[in-house]
Amino acid sequence: MADTITDLTETEAQAQAEAFRAGRDERAIAAAKETRTPTVVVDDVHIVYKVHGASAGKGSATSALSRLISRKRSPAITEVHAVRGVSFTAYKGEAIGLIGSNGSGKSTLLSAIAGLLPTEKGGIYTNGQPSLLGVNAALMDDLTGERNVVLGCLAMGMSPAQVKERYQGIVDFSGINEKGEFINLPMRTYSSGMAARLRFSIAAAKTHDVLLIDEALSTGDQAFQRRSEARIRELRKEAGTVFLVSHNNNAIRDTCERTIWIETGKLIMDGPTDEVVGMYERGERP
Amino acid sequence: MSTVSEPVNLSLPGGVDTGLTPKQLADKYGLTVSGARPGLFAYTKQLWGRRHFIMAFATARLVAQYTTAKMGQVWQVVTPLLNCAVFYLVFGVMLKNRDIPEYIPWLCTGVFIFQFSQSAIQSGTGAISYNLGLIRALHFPRACVPIAFTVIQLQQLLISMVVLIAILLGFQIPVGPTWLLVIPALLFQSLFNTGLALIMARIGAKTSDVSQLMPFILRTWMYVSGVMYSIAGSVHTWNPVAQFIMRVNPASVYMELIRHSLMPQIYDKHKYAKYQVLPPHIWALAIGWGVVMFVIGYVFFWKAEEEYGRG
């Protein structure tokens, strides 16, 4: 799988992306009228963060002791209402972009879909276990890239034979070895772009029912971004659903046919990419 | 709620599903609550499927542990030896606790066996919090991490055991068939340690204050477990309840069992005036502690499976 992508030339990849974009909105609208299989159902979800140690001046030993004695809850807990009543349904084979300004609740929503954050109200239902790929999801920093590939694949449930078979494909896809034998160095010596590329390559080696990508592609270089966009399209053909959070609107345009726009934890718009991203860029509100 | 003004909403179900609410749609297609905890049997099956991961993770961690030290893996052998030397200096030479026959091999066995449980608990406490990156990035049964950490301790113990055998041979302790009993004894101690590591992993994941307390608890446990003095020789004047508690202490059970397996002759009253006494029902206690602690720890850890990596 990954080998076929590395063989693509730049122009071929470009042509593939353009063919994908032509007439996409119309196709998406037509498909919405058919019976589709849902993979993620987000039903009126509210997410409230509890942040410890946010307010100042209450960290002293005596105040901590008096709290323990009086059995009061720590006053240093601040509640942040990050997502306020978002609902949508994602279907098989869709790639959905999530846009919105910094702190609008996109990443929080993805964490909740991945099951890493509890919902305060409402429900999130998924087909299988979604995998979240975030930019700061460090694997094992003190181990070599090679060890990380092997361990990551084993952790995702591959057998040692499968890992052996796919290892070279993953390394080639990441492009880590393009400038020397970096794969044999500990991951703490990697640049953030290299580490992000390797993490994406590991996660993309497996077919996921639902793959959530949080800014993980923005750190890679041009050639890698082309390869990963092609891989995302492949994942969708294998009947998966892909969510992509990015501040790079072109990445969303090239990868997703549907886009959800979130602002201050509320859903602003949910529709065909060119329409939603167009409105977002012009600063209009529906 | 959605404020979409388009004629076609990409989110609403089409075709035969038109008009279903989100909840009905989720039920119809058998979607499950994201991040829900699997049943105990399904969980065990998933965990078994990750056995290669557990072994590979343990080996990689063990190798990485000493990569920043110049002498590398030599420390795996040197550290337990230094420990023994310190205890011998304080309890053997300064406090003249040498009336126990074969005191140095006896002490080393105790130090190594106690260290096995102690380090399993210590690494278990930090297992979740030190691996948050991995836990948040990939999806796998979380019990893999504390179990892998116990496997690391077992691998380290096996290295210590080689050192111990060298010490025993150096003190001319005869090799006997009872040495084979070390294998089942260590097996049950490993079960006990895994259970304890799982419990500490869940507690440590929620309450980071525990890691501040652990050194004190472990030190107290070491001093009451008879690592460097003989429990049987010290408690015979105490009241029966206190004696019972000292005897069923799992750390002393495993230590006593392995000392007896390696050096049965020091328990022989015809050979030594200051002979050692093996507490009654010691195998039953060893098996009981191992199995019970493992089951409790496993269920206790699994109960919070969906919560690791949150927050």
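In what follows, chains carry the letters A, B, and so on, assigned in the order in which the sequence lines appear, proteins first and then strands, with residues in each chain numbered from 1.
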Heavy-atom pairs under 4.5 Å with chain B: which of [options] has the most?
options                               : answer
A:Ala114, A:Ala90, A:Gly115           : A:Gly115
A:Asp43, A:Ile96, A:Leu151            : A:Leu151
A:Ile124, A:Asn127, A:Ile260, A:Val40 : A:Ile124

Quick one: what part of [X] sits under 4.5 Å from any heavy atom of chain B, side chain, backbone, both or neither?
X        : value
A:Ala112 : backbone
A:Ala203 : neither
A:Thr37  : both

**Report entry** Close side-chain approach of A:Gln162 to A:Tyr167, heavy-atom, < 4.5 Å
**Finding:**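 Sidechains of A:Tyr167 and A:Gln162: no contact.
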Query raised in the report: Under the side chain to side chain donor-acceptor pair (under 3.5 Å) rule, what pairs show up with a residue in residues 47-59 of chain B, not counting sequence neighbours?
Result: none
**Report entry** SB check A:Arg36 A:Glu94 (cutoff 4.0 Å)
**Finding:** yes
Query raised in the report: Is the shortest side-chain N to carboxylate O distance from B:Glu307 to B:Arg37 below 4.0 Å?
Result: no
Query raised in the report: Who are the side chain to side chain donor-acceptor pair (under 3.5 Å) partners of B:Arg61, not counting sequence neighbours?
Result: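 Scan of B:Arg61 (side chain to side chain donor-acceptor pair (under 3.5 Å), adjacent residues dropped) gives A:Asp142.
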Query raised in the report: With a 4.5 angstrom heavy-atom cut-off, which part of B:Phe57 approaches chain A: side chain, backbone, both or neither?
Result: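 Both parts, backbone and side chain.
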Query raised in the report: Can you say whether B:Leu12 sits under 4.5 Å from chain A via the side chain, the backbone, both, or neither, judging by heavy atoms?
Result: backbone
Query raised in the report: Parallel, tilted or perpendicular for B:Trp221 and B:Phe114, by the 30°/60° rule?
Result: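 Perpendicular: the ring planes of B:Trp221 and B:Phe114 meet at over 60°.
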